[in-house]
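Keep in mind that the numbers below use all heavy atoms, side chains included, and drop hydrogens, waters and symmetry copies.
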Amino acid sequence: MSRSIRHHPKTPVGGQAPSSSSGVRFTGKNVFVTGAGSGFGRRTAERFAAEGAANLYLVDRRPDRLEAVAPVIAELGANPVPICVDLGETAGCQDAIEQALAVDSRLDVLISNAAAWVQVPFIEMSDDDWRRVMSVNLDAYFTLSQRAAQAMKETGGGVILFTSSISALGHGRNFTAYCVAKAAIISLAKAIAVELAPWNIRANCVSPGPADTQQSVDIAGAELMDKWRAEGFPVVPMNRLAAVDDIASAFLYLASDDARYVSGVNLVVDGAYTAQVYDLPKS
């Protein structure tokens, strides 16, 4: 499914001044995206391809989704490299990185975006529920970022980005494991940013607010999602759900040389949701 492999000069992603000669920010870069079969991951991969990325490593556990997105990436001009693994297993994470590095030893951008969740009250949560969410939402982020960083250290640097959530900033009932894991990866990104700065490796998080994705459909149901799309989402001051492009744009900014001095931050993209405290009751 992949086309010919393209190698490119070893130009650091994290520290070079932005070029004014082209509006294409990622020409020749190799980009690794998990959860690339749908939602934020797919749209982010498409946007990197449109901005000149060379190899797009598309990681997902569902082969049907990879089969759907790979031709789109190719049409946009990048080389799609589908990688079907279970990121809930350390071996799957290791295998994914190894498959990417077998194509090109240089890895410029890693976006760890895949997520798992269970909707169950804290007091009823099983050990297996907790472990599964942690394995995908935290353990995989550690394994992928560490293995990617080992490669980036040898080739001049790179950028590591995580999808966190505004759920990291508080709590949503019945989503304890998800909220805890999302808070932990913000701390992980800070640790990476500090420890790996000497090797020109930056790390940041993007925390979406309520969004129009397949995961939201799975949680809220299609009927409610259709209503919110048509009538707005008044819980958010901007009165709409985040679009996948809102989040993809944040990732592309943080991966670009425009953000070359930005590391260790959690960029909240939520339409002012977390900025609002409360409104006075009308009666």
Side-chain angles (χ1 to χ4, degrees), residues 1-11 13 22-89 91-115 136 140-141 143-145 147-148 151-152 155 158-163 206 213-215 243-256:
M1 195 176 291
S2 59
R3 303 191 318 230
S4 59
I5 299 166
R6 286 175 280 178
H7 296 269
H8 50 278
K10 295 182 176 181
T11 351
V13 171
S22 173
V24 181
R25 294 175 287 181
F26 303 102
T27 299
K29 302 302 182 184
N30 293 329
V31 182
F32 183 106
V33 183
T34 72
S38 65
F40 302 145
R42 173 168 175 162
R43 187 59 184 144
T44 299
E46 291 171 352
R47 292 278 299 276
F48 272 106
E51 289 211 31
N55 296 302
L56 243 303
Y57 307 113
L58 308 168
V59 184
D60 205 283
R61 66 183 179 85
R62 291 185 50 171
D64 57 320
R65 290 182 175 176
L66 291 175
E67 289 171 7
V69 70
V72 177
I73 296 300
E75 183 67 23
L76 290 166
N79 178 37
V81 182
I83 300 173
C84 188
V85 296
D86 181 1
L87 295 175
E89 302 290 338
C93 299
Q94 179 71 30
D95 183 38
I97 294 292
E98 288 176 355
Q99 287 190 51
L101 295 178
V103 174
D104 191 327
S105 62
R106 184 179 181 85
L107 182 58
D108 297 296
V109 180
L110 177 137
I111 298 176
S112 193
N113 163 73
V136 176
Y141 283 55
T143 301
L144 292 168
S145 61
R147 301 326 191 257
M152 291 173 176
T155 55
V159 180
I160 293 171
L161 301 175
F162 296 153
T163 302
V206 174
T213 64
Q214 183 58 49
Q215 179 173 295
V244 289
D245 267 309
D246 295 323
I247 309 307
S249 294
F251 277 125
L252 267 71
Y253 161 68
L254 289 172
S256 76

ask   = Is the backbone of Ser112 close enough, under 3.5 Å, to the side chain of Tyr141 for a donor and an acceptor to pair up by distance?
value = yes
task = Output every pair passing salt bridge (Lys or Arg N to Asp or Glu O under 4.0 Å) with a member in residues 244-255, not counting sequence neighbours, ordered by first then second residue.
result = Arg43-Asp245, Arg47-Asp245, Arg240-Asp246
ask   = Mind checking whether Val59 and Phe32 have side chains closer than 4.5 Å, heavy atoms only?
value = yes
ask   = How would you list, by chain and number, every residue that makes a side-chain hydrogen bond (donor to acceptor under 3.5 Å, both in side chains) with Ser145, sequence neighbours excluded?
value = none
message = Just to verify, what does Glu89 make a side-chain hydrogen bond (donor to acceptor under 3.5 Å, both in side chains) with, not counting sequence neighbours?
response = none
task = Supply the atom-to-atom distance Ile83 CD1 to Leu58 CG, rounded to the nearest 0.5 angstrom.
result = 8.0 Å
key: Rounded distance [0.5 Å steps], CG in Leu107 versus CG in Leu110   = 6.0 Å
task = Could you grab the distance from atom OG1 of Thr44 to atom CD1 of Ile111, nearest 0.5 Å is fine?
result = 5.5 Å
side-chain hydrogen bond (donor to acceptor under 3.5 Å, both in side chains) partners of Asn113, counting only residues at least two apart = Thr163
remark   = Distance col, row Leu144:CG vs Leu87:CG, nearest 0.5 angstrom, shows 6.0 Å
query = Which pairs with one or both residues in residues 61-85 pass ring-ring contact (aromatic ring centres under 6.0 Å, His included), sequence neighbours excluded?
reply = none
Pair Asp60 + Arg62, salt bridge at N-O below 4.0 Å = no
query = At what distance, to the nearest 0.5 angstrom, does SG of Cys84 lie from CD of Glu67?
reply = 9.0 Å
Partners passing ring-ring contact (aromatic ring centres under 6.0 Å, His included) against Phe40 (at least two apart in sequence or in another chain) = none
Approximate separation, where rounding is to 0.5 Å, of Met152 CE and Asn30 CG = 10.0 Å
